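Encoded as structure tokens, the structure appears first; notes follow it.
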Amino acid sequence: MLNFGRTRAQTRSNRSISLGGMDYSDPKRKNNVVGKILLAATLTALCIIMLKQSPTFYSPSPFSLHEEGVIHVLVTGGAGYIGSHAALRLLKDGYRVTIVDNLSRGNIGAVKVLQELFPEPGRLQFIYADLGDPKTVNIIFSQNAFDAVMHFAAVAYVGESTMEPLKYYHNITSNTLVVLEAMAANDVKTLIYSSTCATYGEPEKMPITEVTPQVPINPYGKAKKMAEDIILDFSKNSDMAIMILRYFNVIGSDPDGRLGEAPRPELREHGRISGACFDAARGIIAGLKVKGTDYKTHDGTCIRDYIDVTDLVDAHVKALEKAMPGKVGIYNVGTGKGRSVKEFVKACKKATGVDIKVDYLPRRPGDYAEVFSDPSKIYRELNWTAQYTDLQKSLQTAWRWQKSHQNGYGSPLVMAS
């Protein structure tokens, strides 16, 4: 039987020796600890050296650097209908693109389509953020080397603006100020601003030119005009290159079927007439509601200038190419031809092949009778003119996307022949 209570007769050789109240470690143990420390330090140093020799150790994000021959464009609202089409065009043309969107109106599905089309590093990044947060916006600008901004992000329904005006002044006017301040603080010199013909209100004369008086009659148009005024006032003491594009009623979609318009279901009643036509053709709603048949037009319904989204983004790219430091360009973007709502519905019926039921209702608050553009200035100065001017064909293109994406970007379906 082993005796565990026995006292050792000798002290272990590596035990501390006590002399006069002072402990002295055994030199062999001390050397062993020092050796371990030196070994750990050596291995750490070797790891650092190996990491530094790695080509990615000192490689910051390409989005944070200005690169010769590459123009980096911030597209605000780039997950939305127009913004996503603009991002697609920029990427196709070799630009570097950063999309900032809070997805309140945009679709992450559109961003995923773009990411799949352009997966190469340094081509496209998406940042989820709200432009109403100045601190976040400033961080985004400080961490990215933007060369230009295309500012699309905005709520954009006339009817909704009359019901929720404060939302529109905050989202459009205030947020534009935030973007402009961040540009100034971070030395970003080029702004392409997405504005609207709604800033003109209901002019006495047609067609609308860039010098037509701006007398907006609804909060949407007023908020956009306020944002324009802020930009123009700032430009007077700045060398920024600024382009303001006032465009008319947007229709259509990507001709290759990659992107389309997919508004949130709860916003259908405020949406574009094309979306309402397609919803009626698909049976999502019982029929089309045309608001206002007593306007002073040839058939009593509103007249609008319908511009295809492909033409619209082409105008933005041309504006970006022609932007000059210290200069401001203001342009109408339209076809120069007005079509009535009844004419639009007729074209939509032909495009979809569905005899859409139409209900005629009283006027919508804030609407105006007739609006169409004089696009001669943008043709003269930017060499831009609308190419997709066949209303029925533009609607057919959009209808193809709608039929193959019956749940928007949520669940693409196989297109029926």
Side-chain angles (χ1 to χ4, degrees), residues 82 150-152 154 156 158 172-173 176 191-236 240-251 295-298 301-324 326-341 343-344 366-389 391 394:
I82 300 170
M150 282 191 181
H151 184 31
F152 293 98
V158 168
I172 294 172
T173 310
T176 297
L191 172 64
I192 314 300
Y193 183 63
S194 167
S195 192
T196 171
C197 64
T199 63
Y200 294 114
E202 193 168 14
E204 294 179 1
K205 296 181 179 179
M206 286 290 145
I208 294 173
T209 71
E210 288 78 2
V211 297
T212 295
Q214 290 178 287
V215 189
I217 62 173
N218 53 60
Y220 171 57
K222 291 175 183 178
K224 281 287 190 179
K225 184 181 183 300
M226 287 181 184
E228 283 192 18
D229 289 342
I230 292 170
I231 294 168
L232 293 173
D233 284 342
F234 175 72
S235 71
K236 293 173 184 176
M240 284 182 63
I242 293 172
M243 293 290 203
I244 295 173
L245 303 184
R246 297 171 184 158
Y247 42 87
F248 289 67
N249 292 62
V250 189
I251 59 171
Y295 291 98
K296 293 180 180 179
T297 60
H298 68 273
T301 61
C302 293
I303 290 177
R304 297 290 182 267
D305 189 341
Y306 296 99
I307 177 75
D308 192 286
V309 68
T310 302
D311 282 330
L312 181 61
V313 299
D314 183 54
H316 281 76
V317 172
K318 283 186 166 60
L320 177 60
E321 293 170 348
K322 299 279 188 175
M324 298 284 290
K327 302 290 185 182
V328 177
I330 299 176
Y331 302 98
N332 290 334
V333 188
T335 65
K337 182 179 180 181
R339 279 81 173 267
S340 74
V341 172
E343 289 171 332
F344 187 96
D367 257 341
Y368 25 80
E370 185 177 28
V371 173
F372 63 94
S373 70
D374 176 356
S376 58
K377 182 183 178 185
I378 193 171
Y379 172 71
R380 185 172 63 250
E381 296 186 9
L382 302 187
N383 194 32
W384 177 91
T385 188
Q387 302 296 316
Y388 295 81
T389 56
L391 184 59
S394 290

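Since we're looking at a predicted model, the values are computed, not measured.
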Of the non-hydrogen atoms in [X] and [Y], which two are nearest, and what is the gap between them?
X      : Y      : answer
Gly336 : Phe372 : O-CD1, 3.7 Å
Ala369 : Glu202 : N-OE2, 3.1 Å
Thr173 : Ala223 : OG1-O, 2.9 Å
Pro375 : Gly334 : CB-O, 3.6 Å
Tyr193 : Ala227 : OH-CB, 3.2 Å
Gly221 : Thr199 : O-CG2, 3.7 Å

Are the side chain of [X] and the backbone N or O of [Y] linked by a donor-acceptor pair below 3.5 Å?
X      : Y      : answer
Trp384 : Asp311 : yes
Ser394 : Leu391 : no
Lys318 : Ile378 : no

Are [X] and [Y] side-chain neighbours, meaning at least one heavy-atom pair lies under 4.5 Å?
X      : Y      : answer
Ile303 : His298 : yes
Gln387 : Asp314 : no
Asn249 : Ile251 : no
Ile230 : Thr176 : no
Thr301 : Phe344 : no

Distance alone, cut at 3.5 Å: any donor-acceptor contact between the side chains of [X] and [Y]?
X      : Y      : value
Asn332 : Tyr200 : yes
Thr297 : Glu370 : no
Asp305 : Thr335 : yes

Next item on the list: Report the residues that fulfil side-chain contact (heavy atoms from CB on, under 4.5 Å) with Lys222, sequence neighbours left out, ordered by chain and then residue number.
Entry: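 Result, side-chain contact (heavy atoms from CB on, under 4.5 Å) vs Lys222: Tyr169, Pro216.
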
Item checked: Lys337 atom NZ, neighbour heavy-atom count above 12 within 6.0 Å ->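 Open.
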
From [X] atom [atom1] to [Y] atom [atom2], the distance as rounded to the nearest 0.5 Å:
X      : Y      : atom1 : atom2 : result
Ile208 : Gln214 : CD1   : CD    : 10.0 Å
Cys197 : Arg304 : SG    : CZ    : 7.5 Å
Thr212 : Asp374 : OG1   : CG    : 8.5 Å
Cys302 : Tyr295 : SG    : OH    : 4.0 Å
Ile307 : Tyr247 : CD1   : OH    : 11.0 Å
Ser235 : Leu191 : OG    : CG    : 10.0 Å

Margin query: Using the ring-ring contact (aromatic ring centres under 6.0 Å, His included) criterion, which residues pair with Tyr331? Sequence neighbours excluded.
Written below: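 Once residues adjacent in sequence are excluded, Tyr331 has no partner under the ring-ring contact (aromatic ring centres under 6.0 Å, His included) criterion.
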
Margin query: Checking side chain to side chain donor-acceptor pair (under 3.5 Å) between Ser195 and each of Glu228, Arg246, His151, which is the one that passes?
Written below: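 For Ser195, the side chain to side chain donor-acceptor pair (under 3.5 Å) check succeeds only for Glu228.
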
